[in-house]
Each structure stands twice: as C-alpha cells, then as structure tokens.
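Please read the structure below before turning to the comments.
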Amino acid sequence: MKYPIPRGTFDILPESSYKWNYIESLFKDIAERYNYRRITTPIFERTELFERSVGNTSDIVEKEMYKFQDKKGRNFALRPEGTAGVVRSLVDNALASQGSLAMLWYMGPMFRYDRPQKGRYRQFYQYGIENIGSHHPFIDAEVISIGWVLLKTLGLKGFELQINSLGDDTDSAVYDAALISYFTPYKKSLCQDCLNRLERNPKRLLDCKVSTCKEIAAQAPNILEFLSDDNQQHFHLVQRYLKLMNIPFIINPRIVRGLDYYTHTAFEFVTDSLGTQNTLLGGGRYNKLVEQMGGKPMPGIGFAGGFERLMMVMEQEGCSFGKKPLPQAYFIVAGDVAQEPAIKLMQSLREQGIALTWNPDKISFKAQMKSADKSGATWTLIIGEDEVAASTVTIRNMETGKQQAVSISDTDIIAEYILNNK
RNA sequence: GUGGCUGUAGUUCAGUUGGUAGAGCACAGGAUUGUGGUUCCUGGGGUCGCGGGUUCAAGCCCCGUCAGCCACCCCA
C-alpha cells in the first residue's frame, strides 16, 4: 500500500457498483414520481454558508468540517450536508417565488471529519429531498412519505418512523428556558458534556446516554407541551395525513436533530440492525433558513439519508439489489483466420445493442470456454476455422448446451437468438 | 478528540515455549486433435501494515506510527 486511501473513505468497486446503481435509480424514480427534479450543487461552498445554516454551535461546524483556502485566500469547506448548498442555489437562482414550490432531489458525496465507525465515514454518500415554499402540513407528510416509500420499496423491514415537533423560535426559546430551570438544580449530577449542553443547546441534553443524566432527563418537560396552538395544530395535521397514507409512526419528543436550522416537524427513520449509528434517514422543517440565507422569507422541509447505511441494512436483511449485470454473449475465437470475421461480427452486434465480450489473451479453446462459462453469459458465439470455411458462426446456449450454425452475414438472426433467448 | 480489540498470500484464516512462513477458497495451466460448469494433477504469488528496539535469532516480545473494527461522542 504505497498510497493508502484516506482514512474513513472507501472505493466502490466494480463488483458491487450495480448495487449502488440500483439504490440510486430507485431513489430517482421515486422522487421523480412525486414530481421532484434533480438539483446538483458544488461539493464545496464558502465556509460561512455552513456556519450560518448548520449552526456555529453544532458539532458539524465546530469540529467536523474539511476547510481550506484557495489561492486567493478565500475560505471554503467541503459540504458536510446538502441542504445549505441547495438553499443557496435556490436563493441565487430564484427557484421558488410566491406560490410556486421548489421540489428538489439530490445525491452526492458529503464530508465530515469524524472518527470512522460502522455506518460512519468521512466521505459518505447521501440522497436527499427538499421542498421549499409551502408551510402546508401535507407537504410535511408528503416529504416523509417519500422516505417511507423508498425504504419500503427497497424491501426493508426493521425500521421505524419517529416524528416530533420542535415548534418555532418562540416555542423553542420558552422550552429552552424551561429545560434550563429544570436541569439547573441537578447540575452536580450531570456529566460534563451535559453541563456544556445546558448552556449552549439544552435540547441536546435530552439525548444524553449517561445513565444518571438519563434518569434526570426522564422527568424533564416535554417539548410538545410548549407548542403554540398553531404549531400544535400543524403537528396534528401532519399526523392525520400520515395516517391517511397508512404510514405508521411513533411520536418521540426527544428527537433533536443535529443541525440548528430545524423548526416544527422533525423526523427520523431508525433501524435496529445497524448498531449505534441507527439513523437511516432524517429531516425536518426549516422555516427560517431561506430568509437566513438572504432569500425572501420562505418555509421549507426536507430530509437526507445515507446510502452506506441503506446498503448495510439491506445486506443484513437479505434484500434484493436487482440483477447483477452480465454479458449477453461471449465470443470464442479459435485460430488466426477467425479473428477478422469475429471482430466484424462483434462490432456489428454491439452496434445492435448486444452486450458481449471476449478475451483475446486466452488461447486454447478450452480456456476460452471456461472463461465464457465464468462470464455468466447465456450465449457463446464460436468462430473457428470450420466456421470461417463455411461462413457461419456457431451459437451455443450455455444453459441447455444446444448449439447451431448460422450464416455469419445474418446478423439480425444472430441478434434475435441472443435478444429473445430462444 | 477518548478508550478497547485487531493488522500474516487476491480472500478467509493457521502459525506451537521467539529459530528467518502454511491451508482452504480464488486465480492460471494441464488431463491426446475445437466445447464450460464436477473430479484429479501442477503452478504463480507474501520485504508477515510501516518504523524503531530487545535478542546470536522475531510473524511471534517492547515502543512508536498508520489503518480497520467496536464503543464514547456525533449523526447519514
């Protein structure tokens, strides 16, 4: 290993790339089915974009960003998540304006300088959805349903949808104050992390895994009791729409997403088969973000999920990844005289859309036959001296063992054999 | 950023009380003239993650380093 791969990154090798293609195209299909269109933004942006959107106190910005300066000293960062760039583009390009929604999907690599672990990488691949321009609770439910349909269509079983509402700024501020006054008397019993959280982001305290903190947090006030009437109503409607769509969920008032821009609805699809990194897909509303990024005030909601985790759970649950791509036909070329007609026929069949291959380095007939077998192709086309003399090609079906000579000039007939598998 | 475990052929691993490496699978070739998937035979491949140290001698011991895994943390 002269040049080891960077820590926390991985290669997607040819033998498994069809699995990635499968999941990617399934996600594309589903998003397009909901009338969402693809948006692709740069994988690096000005550092401030992430600092302002994701939030200065978030771990992502504080310690997980890949930052660099370009030759003119401008500060950039590799994107740690997708929403910031999409919102930036929306503002730049006026993608949503009074009453017209922006309905967008994206996929691509994200970067976070974290310690690698199961289901956690430094360069990882996300797919995501953003719907910007509506505050209608049905949109919340629709966005959630895209995630639901995706996981279901992939064949996953052991996952659960958890939803919560974080309310708006006012609710959130009141709730934070309530948390602070609740936890302050317990200061002596809280862990160091939680003491910090208490000052910077009290909601995170609800998530602590230290048992003493957990016990204290168990009796903490519930966010849902701090929602304004409107926000309460919004949350109820989201639930109602989910029920109409037959999407099961549970309410988890402890969902606190790690990015600061979330408001109102927050949700996660979690699985029990991934160990500790169990979030398959997470998202929520961000009704202040567009304005914060310099656009006109506009509500939005979205989610993002990680491809790696999907793959892992699918492997574990034995889900299908579609068909492994195989050549339709394998060429066996025996003897020098056969080369010229073989190459001509090969080219003509490929132009007709047939996937075929050969290995000019294999010399003996038997070696080529073995290679044909291993390739997985159903058909083998054989051209040797006999065939050249008779101007034919031998077509062999590798499953049945039947074979037949066809005139080498009848490429349509040859193609038909292969395409119709007859 | 912290802690624990691990690091030997392409791969999965073995390697005895320290004496300079082995197996299965995979791969390649062959078992009489142009026919694969079973079987049999043969073969190619490893500076034992990297760098130091102890020792007459280290894959085995010690230190460092890098990487992987798991957990903390955080989240996709």
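Below, read A as the first sequence line, B as the second, and so on, with proteins coming before strands; counting in each chain starts at 1. The structure presented is a predicted model; accordingly, all values stated were derived computationally and were not measured.
Interface remark: the A:E399 side chain does not form any donor-acceptor pair with the B:G37 base, using a distance-only criterion of under 3.5 Å. A:Q368 contributes no side-chain N or O that forms a donor-acceptor pair with the base of B:U35 under 3.5 Å. Between the base of B:C74 and the side chain of A:R115 there is no donor-acceptor pair shorter than 3.5 Å. One can find a donor-acceptor pair under 3.5 Å joining the base of B:C75 and the side-chain atoms of A:R309. On a pure distance criterion of 3.5 Å, no polar donor-acceptor pair joins the side chain of A:Q126 and the base of B:C75.
Across all strands shown, the partner of B:C61 is B:G53, judged by Watson-Crick or G-U wobble contacts whose two distances both fall under 3.5 Å. Taking a pair to require two hydrogen-bonding distances under 3.5 Å in either a Watson-Crick or a G-U wobble arrangement, B:U47 remains unpaired. Remark: B:A21 base-pairs with no nucleotide in the shown strands. Criterion, Watson-Crick or G-U wobble with two distances under 3.5 Å. Pair check for B:G37 finds none; no Watson-Crick or G-U wobble contact set falls under 3.5 Å. With a cut-off of 3.5 Å on both pairing distances, the Watson-Crick or G-U wobble partner of B:U2 is B:A71. With a cut-off of 3.5 Å on both Watson-Crick or G-U wobble distances, the partner of B:A26 is given as none.
A distance of about 29 Å separates the P atoms of B:A21 and B:C40, rounded to the whole Å. One P atom belongs to B:G22, the other to B:G15, and the distance between them is 15 Å to the nearest Å. B:A31 and B:G46 have their C1' atoms separated by 30 Å, with the value rounded to a whole Å. Using atom P as the reference point in both B:C41 and B:A26, the two lie 14 Å apart (nearest Å). Separating the P atom of B:G19 from that of B:C60 is a span of 11 Å, rounded to the nearest Å. Nucleotides B:G29 and B:C66, compared at atom C1', are 39 Å apart to the nearest Å. Nucleotides B:G52 and B:C5 place their P atoms 26 Å apart, quoted to the nearest Å. Nucleotides B:U35 and B:G44 are separated by 28 Å at their P atoms, to the nearest Å.
Annotation for A:Q352: atom CD counts as buried by contact number, over 12 foreign heavy atoms lying within 6.0 Å. Within a 6.0 Å radius of CD in A:E48, more than 12 heavy atoms belonging to other residues, nucleotides or ligands are found. The environment of A:Y66 atom OH is dense: over 12 non-hydrogen atoms of other residues, nucleotides or ligands sit within 6.0 angstrom. Heavy-atom contacts from other residues, nucleotides or ligands closer than 6.0 Å to CG of A:D336 number 12 or fewer.
Residue-to-nucleotide proximity on RNA chain B shows that, of A:Y262 and A:M398, the 5′-proximal contact is made by A:M398. Closest-nucleotide positions on RNA chain B for A:Y113 and A:T279 were compared, and the one nearer the 5' end corresponds to A:Y113.
The phosphate of B:C69 has neither OP1 nor OP2 within less than 4.0 Å of any side-chain N or O from A:Q117. In this model, the phosphate group of B:U32 is not approached by any side-chain N or O of A:K366 to a distance below 4.0 Å at OP1 or OP2. Residue A:K118 places none of its side-chain N or O atoms closer than 4.0 Å to OP1 or OP2 of B:C69. Between A:K63 and B:C73 there is no side-chain N or O to OP1 or OP2 distance below 4.0 Å.
The side chain of A:R396 approaches B:U35 more closely than any other nucleotide in the set B:G29, B:U35, B:C74. Here the nucleotide nearest the side chain of A:E387, chosen from B:G30, B:A28, B:G34, is B:G34. Of all nucleotides listed (B:G4, B:A67, B:G36), B:A67 comes nearest to the side chain of A:R7. Which of B:C73, B:U35, B:C69 sits closest to the side chain of A:P116 comes down to B:C69. Of the candidates B:G30, B:G34, B:A28, the closest approach to any side-chain atom of A:K362 belongs to B:A28. Among the nucleotides B:A71, B:G34, B:G30, the one closest to the side chain of A:D386 is B:G34.
Within the 4.0 angstrom heavy-atom criterion, only backbone atoms of the sugar-phosphate kind lie near A:E64; the bases stay farther away. Backbone-only contact: A:L259 has heavy atoms under 4.0 Å from sugar-phosphate atoms and none from a base. Using a 4.0 Å heavy-atom criterion, one finds that A:A334 contacts no nucleic acid atom at all. Note on A:G119: a base of the nucleic acid sits closer than 4.0 angstrom, heavy atoms only. Here A:G8 lies in heavy-atom contact (under 4.0 Å) with sugar-phosphate atoms only. A:E268 comes within 4.0 angstrom of nothing in the nucleic acid, heavy atoms only. Using a 4.0 Å heavy-atom criterion, one finds that A:L280 contacts the sugar-phosphate atoms exclusively. At a threshold of 4.0 angstrom between heavy atoms, the contacts of A:I60 with the nucleic acid are absent. Within the 4.0 angstrom heavy-atom criterion, no nucleotide atom of any strand lies near A:G335.
Within the cation-pi definition used here (under 6.0 Å to the ring centroid, within 45° of the axis), A:R79 does not qualify as a partner of A:F44.
Below 30°, between 30° and 60°, or above 60°: for A:Y186 and A:Y182 the angle between ring planes is between 30° and 60°, a tilted geometry.
A salt bridge links A:R88 to A:D92: one of the charged nitrogens lies within less than 4.0 Å of a carboxylate oxygen. Using a cut-off of 4.0 Å between Lys/Arg side-chain N and Asp/Glu carboxylate O, A:D114 and A:R122 are scored as not salt-bridged. The pair A:R120-A:E308 fails the salt-bridge criterion, with no side-chain N (NZ, NE, NH1 or NH2) lying under 4.0 Å from an Asp/Glu carboxylate O.
Taking atom CZ of A:F365 as the reference point, atom P of B:G34 lies 9 Å away to the nearest angstrom. Atom P of nucleotide B:G34 and atom CD of A:Q403 are separated by 15 Å, given to the nearest angstrom. Rounding to whole angstrom units, CG of residue A:D260 and P of B:C74 are separated by 13 Å. One can place CG of A:L13 at 15 Å from P of B:G10, the figure rounded to the nearest angstrom. Between the NZ atom of A:K402 and the P atom of B:G36 there is a distance of 19 Å, given to the nearest Å. A straight line from CG of A:D114 to C1' of B:C72 spans 12 Å, rounded to a whole angstrom. The interatomic distance linking A:M369 (CE) with B:G29 (P) rounds to 15 Å, in whole Å. In this structure, A:E385 places its CD atom 14 Å from P of B:U35, rounding to the nearest Å.
Screening residues 124-153 of chain A for side chain to side chain donor-acceptor pair (under 3.5 Å), with sequence neighbours left out, gives A:Y34-A:S145, A:Y36-A:N131, A:Y36-A:E142, A:T83-A:E130, A:Q123-A:Y125, A:E130-A:Y286, A:D140-A:H234, A:D140-A:T265, A:D140-A:R285.
Residue side chain A:F307 fails the stacking definition with respect to B:A76, as its ring centre and the base's six-membered ring centre are not both under 5.5 angstrom apart and under 30 degrees in plane angle.
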